[in-house]
Every structure is written in structure tokens, then in C-alpha cells.
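Convention: sequence-line order gives letters A, B, ...; per-chain numbering from 1. Only a predicted model underlies this, so the values are computations on that prediction, with no experimental measurement involved.
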2 protein chains.
Amino acid sequence: MNPALPLRILVADDHFIVRSGLVALIDSEPGMKVVAQGADGAQAVTLYAEHQPDVAILDIRMPGKSGTEAAEAIRQVFPNARILMLTAYNGDEDIHRALRAGAAGYILKTSTGDDLIPAIRAVAGGLRWIPYDVAGRLAARRQYETLTAREIDVLRLIAKGRANKEIAAALAISENTVKDHLKSILGKLHASARTEAVTAAVQRGIIEL
Amino acid sequence: MNPALPLRILVADDHFIVRSGLVALIDSEPGMKVVAQGADGAQAVTLYAEHQPDVAILDIRMPGKSGTEAAEAIRQVFPNARILMLTAYNGDEDIHRALRAGAAGYILKTSTGDDLIPAIRAVAGGLRWIPYDVAGRLAARRQYETLTAREIDVLRLIAKGRANKEIAAALAISENTVKDHLKSILGKLHASARTEAVTAAVQRGIIEL
DNA sequence: GAACGCATCCCCCTTTCGGGTGGTGCCGTC
DNA sequence: GACGGCACCACCCGAAAGGGGGATGCGTTC
């Protein structure tokens, strides 16, 4: 990477105002500039392939394809993609998801330019950027298994308040099978009741409300 | 208000990046400029009194004193304060709280400059500014009664997946009473099961996950 | 003081849920 | 071909949920 050339950056966030803030902060910094902007994960993937920037800054929560999904999609095609995940929340789940999806670092939306710019440079240089206060929490984080497509189908209907019998009718399967999927969901999410499963899944970004 | 003088604007948002975006968008617009920035509701109140801007743009959700609380505090001292509420979410509950707190307008963080600038001018001119889709929802909005404080206590524990018996123990009341509150919650939110009540309440901004 | 909302408690009942055990067929991996 | 994961189905059973009913006390509002 030639230090004489400015860092080329892609930003993706569903909030136009946030994108404007990022652009303002980045473009006013010598040696880096925003070359593309997207409003959701799907756009981020397309724009990444088109511009192949040095760093992609993705909001972790976006409508449609989320930042994590976009990161996974990008890194399937460009395994060396350097991704900096942006989030409004400081929850462990978001952070872990970001890193698992292949992000090299993450920053909070509360970050000032004094934090954002070094983070971008670090990620561009192939380093990781993880805020100190949560680096330790990550290791002790509780693991959970991934849900299958069918389990997520069931979970979405559970979130709508549907009873097992109604879910069975909607998916054209037996109520026993719905219960089977539910058992599996409860086990994987370490939940003891359907309501807890739904809130846990929402917090982890598995489903949306 | 003299049209020759630029509109003086206060922005308050806990996300530095969002503040930067607002400043960039506003200051690049002729006839308006940001005169003060705050990171929470308390700062917004102090800065408002200090600068007495033409328009205050407040994030509805901030740590400590929220945007709605700040708006109420400001309008107690300055009843003619023109407040534009900013939010990432468009839950009905947020919108109602904002308008009830005395906000003249309401914009989403997804808004572009083409939406933000007219909103500021409208509010500065003493008009209301409600996004079209929000206005429609407000009119056609499914009416639901407000929950009591105790019902929200119960609902929060339900959202955590607690059983009625556990909730009774946590709140030091009888399980029958918990069931009574739940019955009331289900009726008020037009839900048929506790899980649906939780998702409906989250979507309306009554509780958070 | 009557009416009302709120919080509290109690009973009843039926349905649903959650957890256990068992099985089949399919598909991909080792 | 054996193994594991997945989707599917079945049965049992105790616990939990939810939908009725009625009741008390305590404030506030009319």
C-alpha cells in the first residue's frame, strides 16, 4: 500500500445523517477519502466489488442485508477485505457477530474523530481495532449455536405471537414438528421459554421485529 | 425573525458522528448554522438557555436525560422554543412522546438533506413537520391504551422470558396479580399471547430489549 | 359520596407449552 | 457404508398460560 496515495473508503449506513458525518470526518482528514456510499448491506456488497476500497465501514444494523451479512458476502469474494464495523450499541453480541463475520475492528457511533481516524488507519494497515474495555469481555462470552433455516422460520412466527398449532398450519407441517424445532431453538439459544428465545434472537440479530 | 440573519441551530445527539453529519449538512446550507452542540439532554437544556437558538434538534434517545425530557425542560422556560426531534426509530410511541413533549417536528435519521433542511425551515417558521408516512400512520394508527407503570414492570420481566411465578417472586406480589396484569396488557395491546405482547410493545417503543 | 382507575388477591376451567422418548427418510461427509 | 445433521412425525405428562368470574382497598375525579 502506497502511503502517498490516499486511503479509499466505502461507507454504508442506512442513516443518511450518519453517512454525512462519516464523510465529513474522513474527507477532512488528509490521506483518506470516501469513494462510495451505500444505504444497506446489499449496496455495500455491490459497491465494494465496484470500487474495491482500502477500508469498508459498515453499520452492523441495517434494513435488509445487515452489516454482518454484507461483511461475510464481501469476504467470500475478497478474503483480504478490511472491514470496520460501526454500531450504536456496546453490546457483546453485536461485537462478537462483527468479528465472526470477518470485521477487523469495530467502533461505536459515539466515537469522536480522534478515535475513528486511528481505527481506520489501523484496519487499513491490517491491524485489529477493538476498544479496550470490551476486549476482555469477548473471551468470556457465552457461545450459542447457529439456527437452521427452518428453525428461523418457526422463530419468526413465534415472535408474532402465533401458537404452535397456527405455526404448523402456516408451514404445512405437524404441530409435533413445530414443537421439535422449538425445542431445538430453546436449546441452542439457552432459553427456557419461547418469549425468551424471541428476545434473545432479536438481541443477537438473528431475527428482526 | 429577520430573514437576513442566519438561523441559529442547536444540535444534541449522543453520537458524535451524527452530530458531525448534522453540522456538515446544516453549515453547508446558506442561511443556517450550528451554534452549539450537546451530547445528552442535560447539555441540551443548558446550551439552549445559553444560546437561545432559533431551532433545537434533539435526538429522542440519549443517555441520562432523553430528548423528550430535554424538550419539556426547555419549553418550561422557553414556551416558544422550536424543537425538531430526531430519531433512528419510527415507533409510534416515540412519535407521540415527542409531540406531547412539545416538539414541532419529527425527522428520522434516514432523512436526507433534502428533507432535513426544509424541516428546519418549517419548524423555524412556526410550522409543524411530520413525515408523510408517519402522519398517515398517526391517523390510521391502531389505538391502544397506555400501560400503567406496574404493567410495564411485568412486561419487562415477561420480555426476559420469566414465568408468571418468577415475576410474582421478583415483584413480591401474588402470581394471580401477575396474571391479572398480563390480562390487562394483552387486552390493551390487542395481543393474544405474552410473546406477541412483547414484540408489539417493542415495536411501539413501550419497552426496549 | 358515587364512580372510576389502579393494584392487589382468590377461585374456576381449558388449552398450550415445554421436556422427555421413540422413530423415519434424506443428504452430505468421512 | 457408517455417521451425523436435518426435517419430519408420534406419544406421554406435568407445568404453565390464558380467559372467565368475583372481591378488596385506596386514591382521584366528578
Counting just side-chain N and O atoms, does [X] come under 4.0 Å of either OP1 or OP2 of [N]?
X	N	result
A:His181	D:dC6	no
A:Ser184	D:dC6	no
A:Ser174	D:dA10	yes

Between [atom2] of [N] and [atom1] of [X], the distance in whole Å:
X	N	atom1	atom2	value
A:Leu186	D:dA16	CG	P	15 Å
A:Glu166	C:dT15	CD	C1'	12 Å
B:Arg194	C:dT15	CZ	C1'	15 Å

> Hey, are A:Arg194 and A:Asn164 close enough side-chain-wise for a donor-acceptor pair under 3.5 Å?
Replying inline: yes

> Are B:Glu50 and B:Thr46 close enough that a side-chain donor and a side-chain acceptor fall under 3.5 Å?
Replying inline: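 Their side chains do not contain a donor-acceptor pair, so the 3.5 Å distance test is not met.
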
Could you check which of [options] has an atom nearest any side-chain atom of [X]?
X	options	answer
B:Lys183	C:dA7, D:dG20, D:dG18	D:dG20
B:Ile173	D:dA16, C:dT8, C:dG19	C:dT8
A:Thr177	D:dA16, C:dG18, D:dC9	D:dC9

> Which part of the nucleic acid, if any, lies within reach of A:Asn164 when heavy atoms closer than 4.0 Å are counted: base, sugar-phosphate only, or nothing?
Replying inline: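 Sugar-phosphate contact only - A:Asn164 comes under 4.0 Å of backbone atoms but never of a base.
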
